[in-house]
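I have placed the structure first, in the form of structure tokens, so that the comments after it can refer back to it.
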Amino acid sequence: MPVDVTLPSAAQRPQSPPSPLLSFWRSFRENRGAVLGLAVVSIVIFIAIFANVLAPHDPFEQFRGFTKLPPVWAEGGTWTYPLGTDALGRDMLSRLMYGSRISLFIGLSVMVVSMFVGVVLGLASAWFGGFVDVIILRIMDLIMSIPSLVLAILIVAIIGPNLTNTIIAVTVVYLPRYVRLVRASALTELSKDYVTAAKVSGVGPLRLMLVTVLPNCLPPLIVQAALGVSDAILEAAGLGFLGLGAQPPTPEWGTMLADSRDLITSHPWVMALPGIAILITVLAINLMGDGLRDALDPRLKKS
């Protein structure tokens with residue numbers, strides 16, 4: 001007798017699970033604020049990369065006959081200088097564009113160095129324990145016991161105020177966050193069965209920590225790294241405002257705020273524009289960080 005073989009339709013066939021990247025994006029886009037933050041951060045990064053192309057003027061060029069011009073929407077403004085000029089006649093739009101490059105460079109540099117050193121110290125603390133663990137934790141506690149801005153000022157006062165030393169000072173200030181986070185995550189992973197199985201199978205300590213344990217510590221570390229960029233930008237802007245960060249005429253947003261303090265009542269836009277740039281960038285990064293946390297933490301995912 002003929003056998004009726006009916007192939008399952010496309011709707012009845014089992015569908016393969018989505019890729020991890022697609023699953024992450026579906027979780028991330030559920031947070032509309034995070035998507036908005038990602039869009040703004042992307043625009044800021046684009047401006048920072050192509051500042052030399054997009055900026056209408058050189059950020060250091062002084063137009064002595066056009067000092068303290070208001071923005072284009074105010075009376076007396078001109079499209080030649082859309083956001084006006086500062087007390088020395090420098091174009092505000094151009095300086096803000098180049099300032100985004102410097103501020104993002106500071107934030108990313110601090111994040112990369114802090115995360116790298118934090119991973120090394122955190123894994124060493126979790127693996128060796130004992131005296132090594134105590135020493136690392138006590139040093140981190142000592143750093144955290146001093147207010148961040150005060151400690152950054154102290155470090156810059158010792159090694160001197162400039163852009164490189166600002167990055168060093170802010171890196172030291174935020175290092176304990178990464179060390180303690182990696183240590184806590186690594187201790188949790190080391191107590192699990194798959195790590196015990198790897199030890200029994202003869203996996204060496206270095207490979208065990210870097211290949212087996214570290215990948216499972218990455219989700220909270222990525223979230224902390226994203227939020228750490230905004231914190232570093234704020235800290236560097238604070239040092240710049242105090243005259244201890246990037247030095248004039250460098251178009252760093254905090255330094256621009258410090259240069260325009262005397263104009264806050266007579267020409268408020270000169271001081272308001274760098275402050276708004278800091279606010280928008282930091283807020284966007286924090287919104288994006290919240291979305292990363294929601295997408296990477298399985299406990300926060302919707303069932």
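Val211 and Val200 fall into different hydrophobic clusters, where Ile, Leu, Val, Met, Phe, Trp and Tyr are joined by side-chain heavy atoms under 4.5 Å apart, directly or via other members. Each of Val41 and Leu283 belongs to its own hydrophobic cluster when Ile, Leu, Val, Met, Phe, Trp and Tyr are linked at side-chain heavy-atom distances under 4.5 angstrom. Tracing side-chain contacts under 4.5 Å through hydrophobic residues (I, L, V, M, F, W, Y), one never reaches Tyr178 starting from Leu187; they form parts of separate clusters. Linking ILVMFWY residues whenever their side-chain heavy atoms come closer than 4.5 Å, directly or via other members, leaves Tyr98 and Phe46 in distinct clusters. Note on Leu175: it clusters hydrophobically with Ile153, by side-chain heavy-atom contacts below 4.5 Å among ILVMFWY residues.
Without hydrogens or angle criteria, Ser191 side chain to Thr188 main chain gives a donor-acceptor distance under 3.5 Å. No donor-acceptor pair closer than 3.5 Å links the side chain of Ser114 to the backbone N or O of Met111. No side-chain donor-acceptor contact under 3.5 Å links Arg183 to the backbone of Gly122. Judged by distance alone, with hydrogens and angles left aside, the side-chain atoms of His267 form no donor-acceptor pair with the main-chain N or O of Ser260 at under 3.5 Å. Of the possible donor and acceptor atoms, none in the side chain of Ser27 sits under 3.5 Å from a partner among the backbone N and O of Ala295. Between the side chain of Thr250 and the backbone N or O of Ala246, no donor-acceptor pair lies under 3.5 Å. Between the Trp253 side chain and the Leu96 main chain, a donor and an acceptor come within less than 3.5 Å of each other. Panel note: side chain Arg101, backbone Ile49; a donor-acceptor pair is recorded below 3.5 Å. Of the possible polar contacts, one joining the Gln247 side chain to the Gly243 backbone as a donor-acceptor pair under 3.5 Å is found. Without hydrogens or angle criteria, Asn165 side chain to Gly160 main chain gives a donor-acceptor distance under 3.5 Å.
Here the side chains of Leu263 and Pro268 are not in contact, with every heavy-atom distance at 4.5 Å or above. Lys68 is not listed as a side-chain neighbour of Asp86, based on a closest heavy-atom distance of 4.5 Å or more. Two residues are said to be in side-chain contact when any heavy atoms from C-beta on lie closer than 4.5 Å; Leu208 and Trp127 meet this criterion. Using a 4.5 Å cut-off on side-chain heavy atoms (C-beta onward), Met271 and Leu257 make contact. The closest side-chain heavy-atom distance from Thr255 to Phe241 is not below 4.5 Å.
Across every non-hydrogen atom of Gly107 and Ala232, the tightest pair is CA-CB, 3.9 Å. Between Ala258 and Gly240 the shortest heavy-atom distance is CB-O, 3.7 Å. Between Leu181 and Pro220, the shortest heavy-atom distance links the atoms CD2-O, 3.5 Å. The two residues Ala126 and Ala186 come nearest to each other via the heavy atoms CB-CB, 3.6 Å. The shortest non-hydrogen separation linking Ser103 to Ile233 is O-CG1, 3.5 Å. Considering all non-hydrogen atoms of both residues, Pro176 and Met144 come closest at CB-CG, 3.4 Å.
In the hydrophobic clustering, where aliphatic and aromatic side chains (Ile, Leu, Val, Met, Phe, Trp, Tyr) are joined below 4.5 Å either directly or transitively, Tyr81 groups with Phe63, Phe66, Leu69.
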Step by step, work out the side-chain contact (heavy atoms from CB on, under 4.5 Å) result for Leu190 and Met209.
CA-CA 9 Å; Leu190 286 172; Met209 296 304 293; 4.0 Å; yes

With side-chain contact (heavy atoms from CB on, under 4.5 Å) as the test, would you mind laying out the steps for Leu123 and Val182 before giving the verdict?
CA-CA 7 Å; Leu123 292 179; Val182 173; 3.9 Å; yes

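The environment of Leu210 atom CG is dense: over 12 non-hydrogen atoms of other residues, nucleotides or ligands sit within 6.0 angstrom. For Phe105, the CZ atom sits in a loose shell: 12 or fewer heavy atoms of surrounding residues, nucleotides or ligands are nearer than 6.0 Å. Counting heavy atoms of neighbouring residues, nucleotides and ligands inside a 6.0 Å radius, atom CH2 of Trp79 does not exceed 12 of them. Within 6.0 Å of CZ in Phe60 there are more than 12 heavy atoms belonging to other residues, nucleotides or ligands.
At a cut-off of 3.5 Å, with distance as the only test, a side-chain donor of Asp133 or Ser125 sits close to an acceptor on the other residue.
Between Arg95 and Asp58, none of the side-chain N atoms (NZ, or NE/NH1/NH2) sits under 4.0 Å from a carboxylate O, so this pair counts as no salt bridge.
Here Glu235 contributes atom CD and Thr166 contributes atom OG1; the two are 10.5 Å apart, rounded to the nearest 0.5 Å.
Pairs of residues two or more places apart, or lying in two chains, never qualify as salt bridge (Lys or Arg N to Asp or Glu O under 4.0 Å) while including a residue from residues 247-271.
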Which atom pairs, one a donor and one an acceptor, fall under 3.5 Å between side chains of residues 221-231 and the rest of the protein, sequence neighbours left out?
from	atom 1	to	atom 2	distance (Å)
Ser230	OG	Leu227	O	2.7
Ser230	OG	Asn286	OD1	2.8
Asp231	OD2	Arg177	NH1	2.5

